[in-house]
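Notes for the one structure printed next.
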There are 2 protein chains.
Amino acid sequence: MISLAEENYLKSIYHLSQAGSKSVLTNELAEAMNTKAASVTDMIKKLSTKEFISYEKYYGVNLTAKGKAVALSVIRKHRLWETFLVEKLAFSWDEVHEVAEQLEHIQSKRLIEKLDEYLGFPKVDPHGDPIPDNNGKIKALQQVMLATLKPGADSTIVAVRDSDSHLLKYLDKIGARPGKIIKVIEREEYDGSMEVSINNQRFFLSKEVSENILVNA
Amino acid sequence: MISLAEENYLKSIYHLSQAGSKSVLTNELAEAMNTKAASVTDMIKKLSTKEFISYEKYYGVNLTAKGKAVALSVIRKHRLWETFLVEKLAFSWDEVHEVAEQLEHIQSKRLIEKLDEYLGFPKVDPHGDPIPDNNGKIKALQQVMLATLKPGADSTIVAVRDSDSHLLKYLDKIGARPGKIIKVIEREEYDGSMEVSINNQRFFLSKEVSENILVNA
DNA sequence: ATATTATTTTAGGCTTGTCTAAAATAATAT
DNA sequence: ATATTATTTTAGACAAGCCTAAAATAATAT
């Protein structure tokens with residue numbers, strides 16, 4: 001008995017608590033959920049009563065084991081559906097997110113088991129993000145922002161952080177996909193931009209872009 | 001701008017108006033939607049304002065062209081997803097309905113186009129029901145209830161009316177699937193039950209069952 | 001240590017979709 | 001033609017999830 005809105009909040013809390021290691025604050029969550037702080041407080045209370053999160057007034061929230069399990073199950077579904085859309089329906093990389101946001105809420109254990117099997121039990125989704133298993137176990141990838149690499153370093157792209165469709169389209173165009181090798185040629189200190197090579201082609205990436213590309217540590 | 005509840009109402013109205021040829025009455029709809037007449041009246045007003053139905057107080061509703069288009073689009077999605085579940089994910093016939101009830105509300109034109117293509121542009125779903133095309137055209141099958149056939153007649157099963165999972169399981173067990181040939185051996189007048197043969201095996205079917213099996217006219 | 005600023009919560013209200021109980025209307029039986 | 005019964009609508013209420021504006025609390029600056 002968990003609503004769509006509740007699932008989305010739990011998923012967001014999970015992602016935000018992965019980013020920083022502290023409690024997730026009301027305003028952070030409001031921004032992530034595209035809503036107002038007051039609405040977040042309402043929902044937080046509900047989730048807390050249902051014991052999906054622990055909540056200390058004015059000091060943010062943390063997922064309980066129960067809440068984390070829900071979040072990971074939603075993420076699992078999201079990533080399996082994204083894989084399906086790209087591998088089977090020939091969606092391109094940048095088109096899948098919105099649709100997967102809907103599909104992730106379909107309730108049917110059997111469906112997800114069958115889908116997983118149909119896809120050959122994939123370990124990562126098309127963005128390179130790991131797919132949690134049936135028990136909510138997820139392999140933490142050793143990933144760092146491309147932005148942090150020094151000139152001369154080369155590394156494999158494992159994931160893209162933002163799911164903004166303009167970014168994904170751009171990355172697709174220059175061939176910056178998970179699995180690809182990327183090499184840092186030069187880095188400008190004053191604005192954090194860098195020149196890189198992918199497939200033996202050179203590109204300039206702004207700091208915004210290079211912070212969104214995650215590579216092997 | 002159409003909600004899940006609205007889509008479900010329109011779908012139900014469509015199905016009910018296929019069954020009988022008159023306006024769909026509030027109580028019929030209430031029963032079909034598993035809700036109360038007062039709730040139906042509320043929703044009917046909203047759908048009427050939005051011009052999905054025409055509504056005469058106390059005399060029931062009819063779909064407008066606009067409303068029919070929505071209903072058929074939902075039905076199209078439902079039937080394509082059912083086909084996917086059975087053909088690709090190896091669901092059995094009787095398991096798909098519930099899941100398809102959820103999947104039919106996913107909003108993405110592109111997804112449905114791709115799914116249709118992936119399935120090879122099927123014309124009927126696993127229950128033998130026709131799949132409306134992209135423009136909402138649906139081929140009306142010439143179908144009659146098995147219950148109306150006379151002894152000696154043989155005919156091809158084209159669809160099953162009720163989607164109750166017990167019924168579907170039972171029909172699956174005796175091999176009564178769309179495409180199969182069924183022959184009426186004998187019919188009891190007093191209770192409407194009949195003896196039939198499928199795959200050269202004989203079965204007794206109650207009137208309830210034989211009214212739910214639809215065959216070629 | 002206190003004042004200012006930023007964040008969070010509370011209070012009260014809105015919409016959607018549901019409900020029950022009562023009133024209105026239509027259908028049916030005498 | 002009128003009374004009874006069945007159906008439908010109205011009225012008023014409620015939960016979920018959101019909102020704005022105001023109040024409370026925490027963080028920060030002096």
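As the structure is a prediction and not an experimental result, all values here were calculated from the model. Lettering of chains follows the sequences in order, A, B, ..., and the numbering in each one begins at 1.
- With sequence neighbours excluded, the residues forming a side-chain contact (heavy atoms from CB on, under 4.5 Å) with A:S165 are A:K169, listed by chain and number.
- Between A:K11 and A:E104 there is a salt bridge, since at least one side-chain N of the basic residue sits less than 4.0 Å from a carboxylate O of the acidic one.
- Among C:dA24, D:dC18, C:dT8, the nucleotide with an atom closest to any side-chain atom of A:L25 is C:dT8.
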Could you write out DNA chain D as a dot-bracket string, with dots for unpaired bases, | for bases paired across to another strand, and Watson-Crick or G-U pairs counted at under 3.5 Å? ||||||||||||||||||||||||||||||
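- If you measure from atom CG of B:L29 to atom P of D:dT7, you get 15 Å, rounded to the nearest angstrom.
- A straight line from CD of B:E6 to P of C:dT15 spans 15 Å, rounded to a whole angstrom.
- Among pairs with a residue in residues 47-70 of chain A, none fulfils ring-ring contact (aromatic ring centres under 6.0 Å, His included), at least two apart in sequence or across chains.
- Salt bridge absent: B:E211 and B:R161 never bring a charged side-chain N and a carboxylate O closer than 4.0 Å.
- Two residues, B:T41 and A:Y59, neighbour DNA chain D, and the one matched to the more 5' nucleotide by heavy-atom proximity is B:T41.
- The ring of A:Y170 has its center no closer than 6.0 angstrom to the ring center of A:F203.
- Residues from residues 31-39 of chain B that place a heavy atom under 4.0 Å from any atom of DNA chain C, listed by number: B:T35, B:K36, B:A38, B:S39.
- For residues 48-63 of chain A, the pairs satisfying salt bridge (Lys or Arg N to Asp or Glu O under 4.0 Å) are A:E6-A:K50, with sequence neighbours left out.
- One interatomic measurement links the two molecules: OH of B:Y55 to C1' of D:dT10, which rounds to 10 Å at whole-angstrom precision.
- Summarising the geometry, the separation between CG on B:N8 and P on C:dT16 is reported as 17 Å, rounded to the nearest angstrom.
- Whole-Å rounding puts the A:K22 NZ to D:dA27 C1' distance at 13 Å.
- Applying the 4.0 Å criterion to OP1 and OP2 of C:dA6, one finds that A:N27 has every side-chain N and O outside that range.
- Taking a cutoff of 4.0 Å between a charged side-chain nitrogen and a carboxylate oxygen, B:E31 and B:K36 do not qualify as a salt bridge.
- Within the 4.0 Å cut-off from OP1 or OP2 of D:dA23, not a single side-chain nitrogen or oxygen of A:Y58 is found.
- With sequence neighbours excluded, the residues forming a side-chain contact (heavy atoms from CB on, under 4.5 Å) with A:F121 are A:D116, A:E117, A:K123, listed by chain and number.
- Following rounding to the nearest Å, A:K57 (NZ) and D:dT25 (P) show an atom-to-atom distance of 7 Å.
- Atom CG in B:D42 sits about 15 Å away from atom C1' in D:dA15, given to the nearest Å.
- Atom C1' of nucleotide C:dT9 and atom CE of A:M43 are separated by 17 Å, given to the nearest angstrom.
- Taking only side-chain atoms of B:K45, from C-beta outward, the nucleotide of C:dT18, C:dT8, D:dT10 with the closest atom is D:dT10.
- The environment of NZ in A:K66 is crowded: more than 12 heavy-atom neighbours from other residues, nucleotides or ligands sit within 6.0 Å.
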